[in-house]
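Taking it in order: structure first as structure tokens, then the write-up.
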Amino acid sequence: MPLDGKVAMVSGAARGIGAAIAERLVAEGAHVVVLDREVAAGRATARRLGRADFREVDVSRADEVRAAVEATVAELGGVQILVNNAGIANNTTFLEVSEEEFERVVAVNLTSQFLLGQAVARHMVERGEGGAIVNISSVTAHGGVATQAAYASAKGGVESLTRVMAVALAHEGIRVNAVAPGSTATPMVADFFAQKPELRTMMLSRIPLRRLAEPDELASVVAFLASEDASYLTGQVLIVDGGRRALNYTVPVDDEAGER
């Protein structure tokens, strides 16, 4: 298996895309450390995966991040892969978003990737064997959404941070890339559609493949970037959006579109 013997840390891996990423990395042979604030869900995911541990951590806090990395290195001997996936969304119009909301979204979506990326990269440099870091961005970073000033700003920062990290760490043999998912079939999106069903058709009309991404489809791209199959890729953002950014019109959507 391509990741056999590797130790991977995945933030925000208790559920959704993060859990799918953790599952795929385990399937590829890695031992995964699930990082999340949701204790019950995080422990359940780690138990289900088998070759995994759970650590409760608020990735926006530097002290908790450092402690999690140090404990992982002490117990498992090192970290070869990091996936910065933790994130929260907001849905407040630009004129109404508060300073506190903006700062919290940026802290979880952007600052956490700096903190965890730096802590793990320092360990990788000390170990001297290189490594792979994958940051999770969003297609939202590439367009304006009136209600996501904080989220879009943070994800745009993630992509800039990815390029900086890639250049700064290349000589250490550490590759840093990002994945920017489009709309994905997660419980959060399902709840969103349940509240506003009309938005489902609007969203699908902007996706040439006429369906949402499945979390495991994103996990496949992350696993590729973490593996030696991507040995000459660094500083890149792979947009996984079903063709959304390539489209300059809308496509017709019937009542059954997007169902699998």
Side-chain angles (χ1 to χ4, degrees), residues 10-24 36 38 41 83-94 97 101 105-106 108-110 112-113 134-159 162 177-225 236-260:
V10 183
S11 68
R15 61 179 77 247
I17 294 172
I21 291 170
E23 182 173 2
R24 179 57 182 264
D36 211 293
E38 296 188 45
V83 182
N84 270 315
N85 169 76
I88 57 175
N90 75 309
N91 195 42
T92 307
T93 61
F94 174 73
V97 65
E101 180 182 359
V105 172
V106 170
V108 175
N109 290 280
L110 175 57
S112 70
Q113 299 207 17
V134 182
N135 297 326
I136 303 302
S137 176
S138 169
V139 71
T140 306
H142 299 266
V145 180
T147 58
Q148 294 184 347
Y151 184 77
S153 297
K155 292 302 187 179
V158 165
E159 297 189 4
T162 297
N177 293 288
V179 174
S183 302
T184 307
T186 63
M188 181 174 68
V189 171
D191 290 342
F192 186 60
F193 284 163
Q195 297 171 27
K196 298 183 177 181
E198 70 279 5
L199 293 182
R200 175 181 171 277
T201 298
M202 183 196 75
M203 185 177 291
L204 291 175
S205 73
R206 300 171 60 195
I207 304 172
L209 290 184
R210 304 190 189 191
R211 64 175 178 83
L212 304 184
E214 294 296 329
D216 60 354
E217 293 177 302
L218 301 171
S220 297
V221 179
V222 172
F224 162 69
L225 290 174
Q236 303 303 307
V237 178
L238 300 189
I239 301 173
V240 187
D241 67 351
R244 175 172 160 180
R245 286 192 69 235
L247 188 69
N248 65 358
Y249 55 90
T250 58
V251 296
V253 177
D254 59 39
D255 290 340
E256 302 301 320
E259 302 295 338
R260 297 188 72 177

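Going from atom CG of D36 over to atom CZ of R15 covers 8.0 Å, rounded to the nearest 0.5 Å. How far CG of D241 is from CZ of R206: 10.0 Å, rounded to the nearest 0.5 Å. Here T147 contributes atom OG1 and N90 contributes atom CG; the two are 7.0 Å apart, rounded to the nearest 0.5 Å. A distance of 10.5 Å separates CD in E214 from CD1 in I17, rounded to the nearest 0.5 Å. Note: L204 CG to S183 OG = 8.0 Å, rounded to the nearest 0.5 Å. In this structure, I21 CD1 and S220 OG are separated by 10.0 Å, a value rounded to the nearest 0.5 Å.
With contacts defined as side-chain heavy-atom distances shorter than 4.5 Å, the pair S11/Q113 does not qualify. Under the 4.5 Å side-chain criterion, counting only non-hydrogen atoms from C-beta, V179 is in contact with V134. No side-chain heavy atom of V222 sits less than 4.5 Å from a side-chain heavy atom of R24. Side chains of K155 and T140 form no contact here, defined as non-hydrogen atoms less than 4.5 Å apart. The shortest distance between side-chain heavy atoms of I136 and V83 falls below 4.5 Å. The shortest side-chain heavy-atom distance between N177 and L238 does not fall under the 4.5 Å cut-off. Taking 4.5 Å as the limit, some side-chain heavy atom of V139 sits within range of a side-chain heavy atom of R245.
Closest heavy-atom contact between A141 and G156: CB-N, 3.6 Å. Closest approach of S112 and A86 over heavy atoms only: OG-O, 4.5 Å.
Side chain of N85 to main chain of G12: a donor-acceptor pair is present (N/O by atom type, distance under 3.5 Å, no hydrogens or angles).
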